[in-house]
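Before any comments, here is the structure.
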There are 2 protein chains.
Amino acid sequence: MLGQLTIGDLGRATETKVETIRYYERIGLLPIPARTAGNYRSYDDWHLGRLSFIRRARNLGFSLEQVRDLLGLADQRDRSCEAVDAIARGHLADIDRKIADLTALRRELSSIIGQCGCGTIAECRIIEALAPHP
Amino acid sequence: MLGQLTIGDLGRATETKVETIRYYERIGLLPIPARTAGNYRSYDDWHLGRLSFIRRARNLGFSLEQVRDLLGLADQRDRSCEAVDAIARGHLADIDRKIADLTALRRELSSIIGQCGCGTIAECRIIEALAPHP
DNA sequence: CTTGACCCTATAGTGACTACAGGGTGCATA
DNA sequence: TATGCACCCTGTAGTCACTATAGGGTCAAG
């Protein structure tokens, strides 16, 4: 399977919308492919690999900027992977912070909802919790 | 404290940037205030209450659209608060989904990071996990 | 009378896409 | 050969919830 791929093929192979692929090209994340006589983008397996990498990293929640850095590092095969490790650990710390924030939020919202006796709005505990009542 | 407030006063009182207040006005979330002779916005305690409500709801993670709905409901004092409850419970479900997603992500990323022996990029497990290797 | 803190409008930028509008290409079928 | 249809192209604007900037006006203190 070393054939040429259209943008639609690439999209199906990586579960990426065609517009997203063109967007990645526009921001310089995915290299510019060759064109057919009819001006269609023509991709090969190397492009497929690149896009797969990008999508896997995105699915793990890395930002496009982090993906850009990871791609740059992935190409320097004999460098130490410290920098890669640092990006990944930084991202893990971000995720931990988000989970902690959401968990605190969940606790608060859940306690507010628990107090709602479901009468009229005038006596609604949820509205009361949001309205200023000092 | 029934005085008139400038937009800066309002911002300080609610920890909201001045630009954000103007943005809320522009999208019709915060009612248009009176103006002074010098064309400054002039707010009163009612505006302060509205903005406090908005900020509390935002801090609990409600979207601006949800806040808009909650504000509309808050004004109908003798309606049943079922709709309020539904919005809040829907949001709680969103939060639960996000926490679950992030937790799964965290587990996966953490296991990838755990495998990194920190040698060169060529043998880096993190890059390997991202690169296509079938 | 000047300084500086505040205010005004209008517009554009962020991230990561997504959705048109208005066309061109390529291939199978009638 | 025509025609239909799925696909491709570019360019632009929209999403969410702000944030930032440019280029000005207002107001009170010193």
Side-chain angles (χ1 to χ4, degrees), chain A residues 3-30 32-43 47 50-51 53-71 87 90-91 94-95 98 101 105, chain B residues 3-30 32-44 47 50-51 53-71 90-91 94-95 98 101 105:
Chain A
Q4 300 307 303
L5 304 159
T6 66
I7 197 168
D9 295 337
L10 208 60
R12 271 181 296 278
T14 58
E15 296 183 326
T16 310
K17 295 223 164 93
V18 163
E19 291 87 350
T20 304
I21 299 176
R22 287 197 281 249
Y23 168 71
Y24 289 161
E25 179 184 320
R26 206 163 56 244
I27 64 168
L29 204 59
L30 197 60
I32 293 167
R35 296 283 181 138
T36 66
N39 200 30
Y40 284 19
R41 285 170 181 81
S42 177
Y43 298 97
H47 288 98
R50 280 257 135 167
L51 183 54
F53 187 107
I54 294 168
R55 297 304 283 179
R56 279 178 220 212
R58 291 288 302 131
N59 285 338
L60 284 169
F62 287 96
S63 73
L64 287 185
E65 218 39 58
Q66 287 172 323
V67 175
R68 200 187 291 277
D69 292 345
L70 288 171
L71 280 170
I87 292 172
H91 181 41
D94 281 354
I95 293 174
K98 273 184 196 149
D101 287 355
L105 210 68
Chain B
Q4 300 307 303
L5 304 159
T6 67
I7 197 169
D9 295 335
L10 209 61
R12 271 181 297 277
T14 58
E15 295 182 327
T16 310
K17 294 223 165 94
V18 163
E19 291 86 352
T20 305
I21 298 176
R22 286 196 282 250
Y23 168 71
Y24 287 161
E25 179 183 321
R26 205 163 57 243
I27 63 169
L29 205 59
L30 197 60
I32 293 167
R35 295 284 182 138
T36 66
N39 200 31
Y40 284 19
R41 285 171 181 82
S42 177
Y43 297 98
D44 57 25
H47 288 98
R50 280 257 134 168
L51 183 54
F53 187 107
I54 294 168
R55 297 305 282 179
R56 277 179 221 212
R58 290 289 299 132
N59 283 339
L60 285 168
F62 288 95
S63 73
L64 286 185
E65 218 39 59
Q66 289 172 321
V67 175
R68 200 187 291 277
D69 292 345
L70 288 172
L71 279 171
H91 180 42
D94 281 353
I95 293 174
K98 273 184 197 151
D101 287 355
L105 210 69

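Model, not experiment: these values are computed from the prediction. In what follows, chains are A, B, ... by sequence order, proteins preceding strands, each numbered from 1. Below, all heavy atoms of this structure are taken into account, side chains as well, without hydrogens, waters or symmetry copies.
Residue B/Thr36 places no side-chain N or O under 4.0 Å from the OP1 or OP2 atom of D/dT26. Within the 4.0 Å cut-off from OP1 or OP2 of D/dC9, at least one side-chain nitrogen or oxygen of A/Arg22 is found. Look at B/Thr6 and you'll find a side-chain N or O under 4.0 angstrom from OP1 or OP2 of C/dC7. For the pair B/Arg35 and D/dT26, the criterion of a side-chain N or O lying under 4.0 Å from OP1 or OP2 is not met. For D/dT10, the OP1/OP2 oxygens have a side-chain nitrogen or oxygen of A/Arg41 closer than 4.0 Å.
At whole-Å resolution of the value, CG in B/Leu10 and C1' in C/dC7 are 14 Å apart. Between B/Lys17 atom NZ and D/dA20 atom C1' the separation is 10 Å, expressed in whole Å. Atom CZ in A/Arg12 sits about 13 Å away from atom P in D/dA6, given to the nearest Å. One interatomic measurement links the two molecules: CD of A/Gln4 to P of C/dG26, which rounds to 15 Å at whole-angstrom precision. Going from atom CG of A/Asn39 over to atom P of C/dG22 covers 21 Å, rounded to whole Å. Following rounding to the nearest Å, A/Ile27 (CD1) and C/dG13 (C1') show an atom-to-atom distance of 15 Å. The nearest whole Å value for the distance from the CG atom in A/Asn59 to the C1' atom in C/dC17 is 14 Å. In this structure, the CG atom of B/Asp9 is 16 Å from the P atom of C/dA5, given to the nearest Å.
The nearest heavy atom of DNA chain C to A/Tyr24 and to A/Gly38 marks one nucleotide each, and the one closer to the 5' end goes with A/Tyr24. Toward the 5′ end of DNA chain C lies the nearest nucleotide of B/Arg26, the other residue of the pair A/Glu19 and B/Arg26 mapping further downstream.
Other residues, nucleotides and ligands place no more than 12 heavy atoms under 6.0 Å from the CD1 atom of A/Ile32.
Using a 3.5 Å distance cut-off with no hydrogens or angles, the side chains of B/Arg55 and B/Tyr24 do pair a donor with an acceptor. For B/Asp94 and B/His91, the side-chain atoms include no donor-acceptor pair closer than 3.5 Å.
By the 4.0 Å N-to-carboxylate-O rule, A/Asp101 lies too far from A/Lys98 to be salt-bridged with it.
In this structure, A/Ser63 reaches the sugar-phosphate backbone alone: every heavy-atom distance under 4.0 Å involves primed, P, OP1 or OP2 atoms, never a base. Counting non-hydrogen atoms under 4.0 angstrom, A/Ile7 reaches the backbone sugars and phosphates but no base.
With hydrogens and angles ignored, no donor-acceptor pair closer than 3.5 Å exists between the side chain of A/Tyr23 and the base of C/dG15.
Counting heavy atoms from C-beta outward, B/Tyr43 and B/Ile21 have side chains that approach closer than 4.5 Å.
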